[in-house]
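Scroll down for the structure; my scribbles are underneath it.
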Amino acid sequence: MRARAGLLLGALSLAACSGALAACSGDDEKTTGAPIRMQLSDAKPAPDEHPMPGKIDPPDGRWVREGTGATYGEPGMPALLKLSCRNGMVQATRNVPSDDGAKAMLSFVGYRGILRLPVTNDGDEWSGALASDDPHWIALTGGPFYATVAGGGKVIFPASSTLKELVDGCKSRLAKRGDDA
């Protein structure tokens, strides 16, 4: 019993002392959340800003099939996304300028999955490809999805049977190529 009373008395004393120490420390500036200011002598000016390429959810946006590919965008405007089939690979291209040779991930997030596609920029657009039989393409073929890439913001895309047809057609070309080997 005496040990408990001693522990309780010690805890109360410690709590009282810590409160008193904080009040007497003279660090009122630090405890009020004041911003810390510092000089950046080697700061570089911001690069020229590019306008965002299109709207997040363009009201007139639509998928248009073009040969072995498809594009999405508003009529009369540059495509927001291009998909094409080349040698059994689905190539995705997002028209967003960046540094020539820059690398990033073009992320597609859908209801049924996520696809992170490694892409490079040629100064005008991000582009990368992945085998058409990769199961992650479900992110684009399984319903509505959005895509995002460095400097390109987020674009919301509606579900479209065009994408499933494109990926499935590319898979059949890949299978035929495999049969020839």
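Below, each value reflects all heavy atoms present in this structure, side chains not excepted, and no hydrogens, waters or symmetry copies.
Pairs of residues two or more places apart, or lying in two chains, never qualify as disulfide (SG to SG under 2.5 Å) while including a residue from residues 113-165. Applying the ring pair (Phe, Tyr, Trp, His ring centres under 6.0 Å) test to residues at least two apart or on different chains, the pairs with a partner in residues 59-101 are W63-Y72, W63-F157, Y72-F157. The disulfide (SG to SG under 2.5 Å) contacts involving residues 89-167 comprise nothing, where partners must be two or more places apart or lie in separate chains.
Minimum heavy-atom separation, G128 to V119: N-CG1, 3.6 Å. Between V155 and L80, the shortest heavy-atom distance links the atoms CG1-CD1, 3.9 Å. Scanning all heavy atoms of the two residues, the minimum distance from R62 to P75 falls at NH1-CG, 2.8 Å. Of all heavy-atom pairs spanning G110 and F145, the tightest one is CA-CB, 3.7 Å. Contact detail for A92 and L83: the closest heavy-atom pair is CB-CD2, 3.5 Å. Taking all atoms of both residues into account, the shortest heavy-atom contact from V167 to V90 is CG2-CG2, 4.3 Å.
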For a quick test of your reading: what N or O donor-acceptor pairs under 3.5 Å do the side chains of residues 129-140 make, sequence neighbours left out?
from: S132; atom 1: OG; to: G88; atom 2: O; distance (Å): 3.0
from: S132; atom 1: OG; to: C170; atom 2: O; distance (Å): 3.4
from: S132; atom 1: OG; to: K171; atom 2: N; distance (Å): 3.3
from: D134; atom 1: OD1; to: H136; atom 2: N; distance (Å): 2.8
from: D134; atom 1: OD1; to: H136; atom 2: ND1; distance (Å): 2.7
from: W137; atom 1: NE1; to: A131; atom 2: O; distance (Å): 3.0

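Here P78 pairs with nothing under the side chain to side chain contact (heavy atoms under 4.5 Å, CB included) rule; sequence neighbours left out. By the side-chain hydrogen bond (donor to acceptor under 3.5 Å, both in side chains) test, S160 pairs with T162, sequence neighbours left out.
From K82, atom NZ reaches atom OG1 of T71 across 8.5 Å, with rounding to the nearest 0.5 Å.
No more than 12 heavy atoms of other residues, nucleotides or ligands sit less than 6.0 Å from atom CZ of R112.
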field: side-chain contact (heavy atoms from CB on, under 4.5 Å) between T68 and R86, intermediate numbers included
entry: CA-CA 8 Å; T68 61; R86 294 191 177 144; over 6 Å; no
